[in-house]
Amino acid sequence: LGNFLPISKPLKSLDESIIRNLIENQIQLPQYTKVQLFVFKDEYQKFENFYKELSLGFDTSCFELCIFNNWSELINLLQGCLKIVCLDSVAFHISNGIGLDSIGIFGPTDAKNYIPKEYSGSYINLNTGPVYCYYGTGYKKCICNKTPKSLRCKYMDKLDTKDIIALID
């Protein structure tokens with residue numbers, strides 16, 4: 001079971017405690033022998049303390065932090081998965097393109113605008129407003145109530161990890 005949940009783009013990121021909780025819950029699932037978290041090398045270097053602490057918190061027989069250098073390496077990692085949980089990202093769209101069963105998490109982006117046409121996986125759409133939060137690139141496009149301390153879209157804070165676990169077969 002793979003995960004692509006980058007924290008380097010604060011607008012679309014999940015809180016670190018949510019990532020930790022999600023992985024803890026995934027490890028408890030009997031149908032997967034290993035849970036993996038895919039992290040781009042530059043992100044790992046920027047947030048090394050978080051990723052090291054996360055890795056130390058789990059038994060290596062059931063959790064693996066997989067650091068990749070480029071999209072080609074990520075594709076190779078994705079091809080070894082039965083399923084992936086990921087934010088609306090390049091990895092989500094690559095997963096769809098290679099036919100990998102996926103669960104997409106949409107926050108500042110709205111699934112109805114960004115989900116691939118032939119998508120057959122599951123998704124969680126946290127962006128439920130009458131006015132959608134994100135219409136392109138850049139932090140100025142997000143219109144939710146971000147706090148001064150965080151650039152994270154407030155829709156991302158609505159994620160309940162139990163909803164993702166329920167979508168995993």
Side-chain donor/acceptor of [X] to backbone N/O of [Y], under 3.5 Å:
{"X": "Lys158", "Y": "Leu126", "value": "yes"}
{"X": "Asp59", "Y": "Ser61", "value": "yes"}
{"X": "Lys34", "Y": "Leu1", "value": "no"}
{"X": "Asn25", "Y": "Asn21", "value": "yes"}
{"X": "Glu43", "Y": "Val39", "value": "no"}
{"X": "Asn3", "Y": "Gln36", "value": "yes"}
{"X": "Asn125", "Y": "Ala111", "value": "yes"}

Would you sort out whether Phe92 and Phe4 count as a ring pair (Phe, Tyr, Trp, His ring centres under 6.0 Å), showing the intermediate values? CA-CA 8 Å; Phe92 171 74; Phe4 184 76; over 10 Å; no

[X] with [Y], same ILVMFWY side-chain cluster at under 4.5 Å:
{"X": "Ile168", "Y": "Leu5", "answer": "yes"}
{"X": "Leu82", "Y": "Leu100", "answer": "no"}
{"X": "Phe63", "Y": "Leu14", "answer": "yes"}
{"X": "Phe68", "Y": "Ile98", "answer": "yes"}
{"X": "Phe50", "Y": "Leu159", "answer": "yes"}

What distance separates [X] [atom1] from [Y] [atom2], expressed to the nearest 0.5 Å?
{"X": "Leu87", "Y": "Met156", "atom1": "CG", "atom2": "CE", "answer": "5.0 Å"}
{"X": "Leu65", "Y": "Ile23", "atom1": "CG", "atom2": "CD1", "answer": "8.5 Å"}
{"X": "Ser102", "Y": "Ile94", "atom1": "OG", "atom2": "CD1", "answer": "12.0 Å"}
{"X": "Ile67", "Y": "Tyr51", "atom1": "CD1", "atom2": "OH", "answer": "9.5 Å"}
{"X": "Lys83", "Y": "Tyr32", "atom1": "NZ", "atom2": "OH", "answer": "5.0 Å"}
{"X": "Ile84", "Y": "Leu78", "atom1": "CD1", "atom2": "CG", "answer": "4.5 Å"}

Distance-minimising heavy-atom pair for [X] and [Y]:
{"X": "Asn96", "Y": "Pro116", "answer": "ND2-CB, 3.3 Å"}
{"X": "Ile27", "Y": "Phe58", "answer": "CD1-CD2, 3.4 Å"}
{"X": "Cys86", "Y": "Ala91", "answer": "SG-C, 4.3 Å"}

Can you find a pair of side-chain heavy atoms, one from [X] and one from [Y], that are under 4.5 Å apart?
{"X": "Val85", "Y": "Leu167", "answer": "no"}
{"X": "Ile7", "Y": "Asp15", "answer": "no"}
{"X": "Cys66", "Y": "Glu64", "answer": "yes"}
{"X": "Leu22", "Y": "Ile164", "answer": "yes"}
{"X": "Lys12", "Y": "Ser89", "answer": "no"}
{"X": "Phe47", "Y": "Ser8", "answer": "yes"}
{"X": "Gln45", "Y": "Lys41", "answer": "yes"}
{"X": "Ile75", "Y": "Gln79", "answer": "yes"}

Got more than 12 heavy atoms from elsewhere within 6.0 Å of CD, Glu48?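 Count over threshold, so yes.
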
Would you call the rings of Tyr123 and Phe106 parallel, tilted or perpendicular, taking 30° and 60° as the class edges?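 Correct class here is perpendicular.
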
Does the gap between the ring centers of Phe38 and Tyr44 come in under 6.0 Å?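 For Phe38 and Tyr44, the ring centres are not under 6.0 Å apart.
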
